[in-house]
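Here is how names work: the chains are called A, B, and so on, in the same order as the sequence lines, proteins then strands, and each is numbered from 1.
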There are 2 protein chains.
Amino acid sequence: MPVTKMKATIRSVAIDLFYRKGYFATSISDIARGSGIQKASIYYHYVSKEELLFSILESTMDDLTDYVRENLNRVRDVEERLRVAVRSHVRFHLTRQRENFIANSELRGLSEPNYRAIVRMRDAYEGIFQDLIRQGIDDGVFAVVDVKILSYAILTLCTAGASWFKPEGRLSVDEIAAIYENFIVSGLKREDETISTLSRAASGGIFFP
Amino acid sequence: MPVTKMKATIRSVAIDLFYRKGYFATSISDIARGSGIQKASIYYHYVSKEELLFSILESTMDDLTDYVRENLNRVRDVEERLRVAVRSHVRFHLTRQRENFIANSELRGLSEPNYRAIVRMRDAYEGIFQDLIRQGIDDGVFAVVDVKILSYAILTLCTAGASWFKPEGRLSVDEIAAIYENFIVSGLKREDETISTLSRAASGGIFFP
DNA sequence: GTCTATACGATGATAGAC
DNA sequence: GTCTATCATCGTATAGAC
């Protein structure tokens with residue numbers, strides 16, 4: 001569906017401000033000023049500030065999920081599939097940095113029904129990674145690990161890039177993706193020695209520090 | 001220095017509200033209500049809402065740094081030192097969950113000078129982990145990796161626990177710490193095969209997906 | 001579609017009595 | 001130390017003219 005020019009402008013100004021100042025700290029006046037119109041005019045395009053936030057989050061989640069799914073369709077090998085998923089996730093987050101940063105920090109701006117909608121999308125997305133890890137374990141490629149915890153860990157660490165990445169910085173998107181990808185895969189492919197430390201701890205025999 | 005009872009109450013109510021609703025969404029009235037006093041009385045104890053936030057962030061960072069440093073003092077072996085650092089970080093974040101969550105999400109509530117003060121503390125803290133990783137590489141225990149990127153990755157993934165951890169949940173603090181610890185150490189100790197993938201990618205010969 | 005004008009509530013913070 | 005009362009400002013959102 002086609003979007004009017006001004007509606008797109010408002011959206012992009014909002015993304016920029018939500019990213020830089022945060023959703024609550026950004027006022028409708030700020031967005032209007034950035035868009036070159038009066039604040040009342042914003043309401044012709046969006047019914048509320050929250051709807052503006054929600055539309056950003058929703059389409060970001062949609063695009064992310066589509067992008068990763070599409071790339072996964074081209075590969076069969078489990079390890080390579082996880083690598084592709086990680087690489088896709090990182091690429092998406094670093095090239096659409098601001099939207100993704102918002103999607104990961106401004107969920108609190110949503111009312112219950114909208115909040116639930118985004119969380120459902122996020123859960124489905126996480127499921128992709130959980131399935132991949134489980135598959136890898138079943139195939140004996142990855143060590144036996146806690147699938148949920150590790151899927152959160154993996155996604156969080158890749159997502160974090162969106163908060164500090166600078167396009168003109170030392171490393172390119174693909175270099176960062178490769179660093180993450182290798183760290184993650186070798187973290188999952190652990191050897192017996194390490195596993196035994198895990199189960200020792202997990203079964204209660206903890207020593208600390 | 002001793003803190004009056006009401007000052008401590010206000011602080012703890014604020015931590016709870018900042019964690020649940022966010023700094024901007026929490027009003028002085030909310031905090032006053034939770035503390036059982038009138039909102040004007042808050043200003044007898046804290047000069048501003050921001051000072052309240054800052055004092056929470058500052059002491060959290062202080063305590064975290066002290067805690068990790070103290071635990072590190074008891075160990076010499078590099079790999080074991082990294083393990084101790086990770087374990088300490090996770091323990092601290094999961095037992096003082098709300099403060100840490102705030103410390104990682106509400107920096108935007110600070111004015112420039114306060115912001116800079118906290119960032120300086122955070123940089124110093126990250127330095128501990130960067131030194132450990134560098135040491136491990138120098139000693140040949142860890143593979144050659146990008147120290148900065150991986151220190152961010154490691155800290156972020158451990159910190160993330162503070163956003164979903166539930167004390168009454170399936171896993172204990174120590175179990176989660178052990179999972180992270182093993183994942184991280186085996187991620188750092190990668191083998192040659194993986195390293196070559198990295199340098200292939202890092203040197204520009206990227207294939208995608 | 002965009003404007004001006006405005007309703008209306010909430011906010012952080014202060015003054016001064018007790 | 002805590003209270004009541006109040007200020008000044010800013011927020012989202014609406015009404016209605018053009």
- line: Between CD1 of B/Ile31 and C1' of C/dA13 the distance, given in whole Å, is 13 Å
query: What is the distance from CD of B/Gln38 to P of C/dG12, rounded to the nearest Å?
result: 15 Å
- prompt: Under the side-chain contact (heavy atoms from CB on, under 4.5 Å) criterion, do B/Val147 and B/Tyr152 qualify, and how do the steps go?
  reply: CA-CA 9 Å; B/Val147 174; B/Tyr152 296 158; over 6 Å; no
task: Rounded to the nearest angstrom, tell me the gap between atom CD1 in A/Ile37 and atom C1' in C/dT4.
output: 14 Å
query: Using a heavy-atom distance cut-off of less than 4.0 Å, which residues of residues 6-24 of chain A contact DNA chain D?
result: none
query: Checking A/Lys49 against A/Tyr23: charged group under 6.0 Å from the ring centre and within 45 degrees of the axis?
result: yes
statement: In whole angstroms, the gap separating C1' of C/dC3 from CD1 of A/Ile42 amounts to 13 Å
query: Aromatic ring centroids of B/His89 and B/Tyr125 under 6.0 Å?
result: yes
- prompt: Can A/Arg74 and A/Glu80 be counted as an ion pair, charged N to O under 4.0 angstrom?
  reply: no
statement: Testing D/dT2, C/dG12, D/dC3 for proximity to the side chain of B/Ser27, the answer is C/dG12
- request: Assess whether side-chain contact (heavy atoms from CB on, under 4.5 Å) is satisfied between B/Ser88 and B/Leu64, documenting all intermediate values.
  value: CA-CA 9 Å; B/Ser88 306; B/Leu64 170 63; over 6 Å; no
query: Across the strands shown, which category fits A/Ser35 at heavy-atom distances under 4.0 angstrom: base, sugar-phosphate, nothing?
result: nothing
message: Assess whether a salt bridge exists between A/Glu79 and A/Lys189, defined as any Lys/Arg side-chain N lying under 4.0 Å from an Asp/Glu carboxylate O.
response: yes
- request: Using a 4.0 Å cut-off on protein heavy atoms (strictly under), produce a 5'-to-3' string for nucleotides 13-18 of chain D with B for base contact, S for backbone-only sugar-phosphate contact, and - for none.
  value: BBB---
message: If the cut-off is 4.0 Å, is A/Ser41 near the phosphate of C/dC3, judged by side-chain N/O to OP1 or OP2?
response: yes
Cation over ring face, A/Lys7 and A/Tyr46, 6.0 Å, 45°: yes
query: Counting only side-chain N and O atoms of A/Tyr44, is one of them less than 4.0 Å from OP1 or OP2 of C/dT2?
result: no
